[in-house]
2 protein chains.
Amino acid sequence: MNAPESNHQLQAGQRPVPDAFLQKLAARFGAQYSTAQAVREQHGRDEGSIAAPPPAAVVFAESAQDVQDAVRLCAEYSVPVIAYGAGSSLEGHLLAVQGGITLDVSRMNQVLSINTEDLTITVQPGITRKALNEAIKDTGFFFPIDPGADASIGGMASTRASGTNAVRYGTMRENVLALEVVTASGERIRTGNRAKKSAAGYDLTRLLVGSEGTLGIFTEVTLRIYPLPEAVSAAICSFPSIEAAVRTVIQTIQMGVPIARVELIDVNAIRMVNTYSKLSLREEPMLLMEFHGSPTGVKEQAEMVQDIASEFDGNAFEWAERPEDRTRLFTARHNAYFAAVASVPGCRCITTDTCVPISRLADALLDCVNEADASGIPYFLVGHVGDGNFHFGYLIDPDNDAQRQQAEQLNHQLVERAIALGGTCTGEHGIGIHKQGFLAEEAGDGGVAMMRAIKQALDPKNILNPGKIFQLAV
Amino acid sequence: MNAPESNHQLQAGQRPVPDAFLQKLAARFGAQYSTAQAVREQHGRDEGSIAAPPPAAVVFAESAQDVQDAVRLCAEYSVPVIAYGAGSSLEGHLLAVQGGITLDVSRMNQVLSINTEDLTITVQPGITRKALNEAIKDTGFFFPIDPGADASIGGMASTRASGTNAVRYGTMRENVLALEVVTASGERIRTGNRAKKSAAGYDLTRLLVGSEGTLGIFTEVTLRIYPLPEAVSAAICSFPSIEAAVRTVIQTIQMGVPIARVELIDVNAIRMVNTYSKLSLREEPMLLMEFHGSPTGVKEQAEMVQDIASEFDGNAFEWAERPEDRTRLFTARHNAYFAAVASVPGCRCITTDTCVPISRLADALLDCVNEADASGIPYFLVGHVGDGNFHFGYLIDPDNDAQRQQAEQLNHQLVERAIALGGTCTGEHGIGIHKQGFLAEEAGDGGVAMMRAIKQALDPKNILNPGKIFQLAV
């Protein structure tokens, strides 16, 4: 156990963390409490590009009671509290911009119940998506939502995450059935139940999913799981241009083909992935696809998409039938971010995350490609294009302010374009700190005012991850 | 134009409707304003069994500006305002329990835009589901959500409605993409956009869907639409018992068969429907099913379900391949409520609406059947059983208080059972007035307190459909 540290340096915008509070926290949590510099620093950052001073202390919660007790102390002293799962968020969600403490829930990582008859599972928030799937792999069921990182389920619910399977299985919005939540006053409540649908009052579950830790801290999450498909086939298809690949996707979606995954990978990303994952993918814009269903269903879907691809001069599909080959391909896709960062030693990656109506995907994407090419900044492009969602990664020199500004400018143009086309500034990463200006533009003053009013009603002391999503008037 | 009526009788719990307010309303709305007794009475009730005094006046909104102006006047004078679409709600949603005015949006019934490339449509709230499908019938797309009544889209969004297709296509929760809403202060805001997914701040769209007119009045609704399936087949299958039918459904869902519709109809309902719709369905518990997909996909699904049904002694499927035969069957199903009411002259129907996890469906249902049989009250049972959702209709003599109490007691037992089994007190009808006690039980004090806090934050004068979902402390 570390002694409480009273000399935590206050920065602009940071709120006081009284010694008496830290002493009570230390007394309550003993070895689950730390003020070690390394622990605080590890918890004071995420995978994004923004920096802030670390939290004053870190508490490792091991139970819902721990979460309640920590939040109650924070409420008593009006100290900010930031829930922390795997630390993989990208928009500054975990940064202690107003000071306070971090509540690490990664030790709350148990599967509490599996109900294969109802296709539901209830877990603690700290379990990661891979650990969850590992825990149920012998049941014949799986949980499809797969952001690039091995994120925690609590974090994924908090940012309304999705990933490569969302085109068929939806996002966390569709797949979180119920929550147990500790509120700003330290009460523990349940939202939702295990029924597949309900019309019982306000949909608190969906309000909390995507609230980025600002309305409550999740202590249990009930999710939908799916029977492993009878047949799964993955294929890659190379195209002469990004446009050809994108037009194939648009037509596939518009025809209602229930494709399970359809990922766009540009030439830059392929080169990076080939190096990083020791693959030899053809260096052309590529779609990486997966089909789920009965054997005949899978065959039918694949034939339809192959026909569409051929119309746009796509090559013949190259198939990955064996599970290990499929895993290798999708692992390479998931590692595109790391492959990119590794490709430019010392770089930082600024990742974009817009999503547009599928009919506007080509418009949105191609102009961004031209702008990125013109900038001279190394970049890559990947996308869950079946949903109209894509990510550019600009690989900047963190010490080069001009380059950072240039990348932010590219992101700015890209987001403006997405919003103008009827889309959103974030498909799956969330607002955090980084996108608050864009949210105001997308949701309008009235929309953000409604969000603020809800926040103020549910967290009147503004202790739950303050300074995220929007600013509150002091 | 009717003159403002100043002698509207105040009842217990009703709030004052000042003459000055009615005069301003009349001046602003002219012929769109009525205090005629018949108009007020028509707007002061729904299809449910609860009665209340009618509203003081009815305004027929023809534009979002009309809605804003009416709400602003209501806000100025703290007068309740109740949005009204088709009048088909079942739990007292439309009753002016605290007085005030009704804002009829049925004239706002236009399709504003259809985007078949993005599978979206934007409509005004007063269009009914049938009118919407009629408007897009030549596009090759359809909107699947079909509560029994030809409800308005605004009303369906307000109660988070669903129906027979929800097992495959989801409910209004999954199918409302975005809203334009007039808030309690008369501001007009947009929530959501046409992107298929978004992680941009609080999910105001899903908070508003199901809020029963208590947080805002919808002026535009953007919905998901679906390509008409290449192949559609409907079949009926009779079973020796309700249990056999239900076990067939449970296994079908657990195996992940993407069945589009699966409706349970009990013997009582079949007799009523046979008489009302001049059919000759076999008088045995029945599943009415529909399969959507490619021709081979439909065949595959149907074979799987037939195999399961046979295990439970279901008969061979009887097929309805022609569209007109399918329509006849599902129209008969949709008319079950009216068939039932017609079967007992002068009766009133008390309809239940629980939903349980699919594994508990047989437990939930069979005990309820036994209790209903024992009661001696005429009743029928239908259900969207693929979702675990079912409805009993108890046909009571409205002048027989003992019988009404007995039916309410049956409903009480049924809801208690559903909640105990991990289900909900309402799958699709909503809370309204009738189910507030059950909501408290289901969501707990903490959950309802969170809903109340949101309501108070977004509607501090409590003018938007007050007295629904929960009571606010005065």
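This structure is a prediction, so every number in the text was calculated from the model and none was measured. Per chain, numbering begins at 1; letters A, B, ... match sequence-line order.
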Using a cut-off of under 4.5 Å on heavy-atom pairs, state which of A:Ile253, A:Leu215, A:Leu119 scores highest against chain B.
A:Leu215
Which heavy-atom pair separates A:Thr183 from B:Met450 by the least distance, and what is that distance?
CG2-CE, 3.8 Å
Is it the backbone or the side chain of A:Ala200 that comes under 4.5 Å from a heavy atom of chain B, or both, or neither?
both
Honestly, the part of A:Asn389 sitting under 4.5 Å from a heavy atom of chain B is side chain
Looking only at heavy atoms, what is the nearest atom pair of A:Cys355 and B:Ala195, with distance?
O-CB, 3.5 Å
Residue pair B:Ile454 / A:Leu207, side-chain heavy-atom distance below 4.5 Å:
yes
When rounded to the nearest 0.5 angstrom, what distance separates CD in B:Glu117 from CD1 in A:Ile250?
8.0 Å
Of all of A:Leu208, A:Thr214, A:Asn115, which one pairs up most often with chain B through heavy atoms under 4.5 Å apart?
A:Thr214
May I ask you to name which of B:Gly140, B:Ala457, B:Gly427 has the most heavy-atom pairs under 4.5 Å with chain A?
B:Gly427
Pairs satisfying salt bridge (charged side-chain N to carboxylate O under 4.0 Å, His left out), at least one member in residues 429-446 of chain A, at least two apart
A:Glu91-A:Lys435
Heavy-atom distances under 4.5 Å only: say whether B:Arg190 touches chain A with side chain, backbone, both or neither.
backbone
Would you mind checking which part of A:Val167 comes under 4.5 Å of any heavy atom in chain B, side chain (CB onward), backbone (N, CA, C, O), both or neither?
both
For A:Thr120, is it the side chain, the backbone, both or neither that has a heavy atom under 4.5 Å from a heavy atom of chain B?
neither
Using a cut-off of under 4.5 Å on heavy-atom pairs, state which of B:Gln456, B:Lys197, B:Gln254 scores highest against chain A.
B:Lys197
If you count heavy-atom pairs under 4.5 Å with chain A, which of B:Met451, B:Arg194, B:Met172 comes out on top?
B:Met451
Just give me the residue among B:Phe141, B:Phe470, B:Phe438 that pairs up with chain A most often, heavy atom to heavy atom, under 4.5 Å.
B:Phe470
Checking A:Glu300 against chain B: side chain, backbone, both or neither under 4.5 Å from a heavy atom?
side chain
Of the listed B:Gly210, B:Pro229, B:Gly447, B:Gly388, the one with the largest count of heavy-atom pairs under 4.5 Å with chain A is B:Gly447
Given the options A:Thr424, A:Asp387, A:Ile358, B:Lys196 meets side-chain contact (heavy atoms from CB on, under 4.5 Å) only with A:Asp387
Given the options A:Ser185, A:Ser198, A:Gly192, A:Gly423, which has more heavy-atom pairs under 4.5 Å with chain B than any of the others?
A:Ser198
Which atoms of B:Glu187 approach chain A - backbone, side chain, both or neither, heavy atom under 4.5 Å:
neither
Interchain contact, A:Arg173 with chain B, by part (heavy-atom threshold 4.5 Å)
side chain
Top residue by heavy-atom pair count (under 4.5 Å) with chain A, among B:Val181, B:Ile189, B:Val209, B:Asp353?
B:Ile189
Any A:Tyr202 side-chain heavy atom under 4.5 Å of B:Lys455 side chain
yes
Contact origin within A:Tyr226 toward chain B - heavy atom pairs under 4.5 Å:
neither
Give, as side chain, backbone, both or neither, the part of A:Pro227 having an atom under 4.5 angstrom from any heavy atom of chain B.
side chain
Would you name the heavy atoms of B:Asn193 and A:Gly422 that are closest together and state the gap between them?
CB-O, 3.5 Å
Report, in residue-number order, which members of residues 157-166 of chain B are under 4.5 Å from chain A by heavy-atom distance.
B:Thr159, B:Arg160, B:Ser162, B:Gly163, B:Ala166
B:Gly201 versus A:Leu439, closest heavy-atom pair with distance:
N-CD1, 4.3 Å
Which bit of A:Ile431 is near chain B, if near means a heavy-atom gap under 4.5 Å: side chain, backbone, both or neither?
both
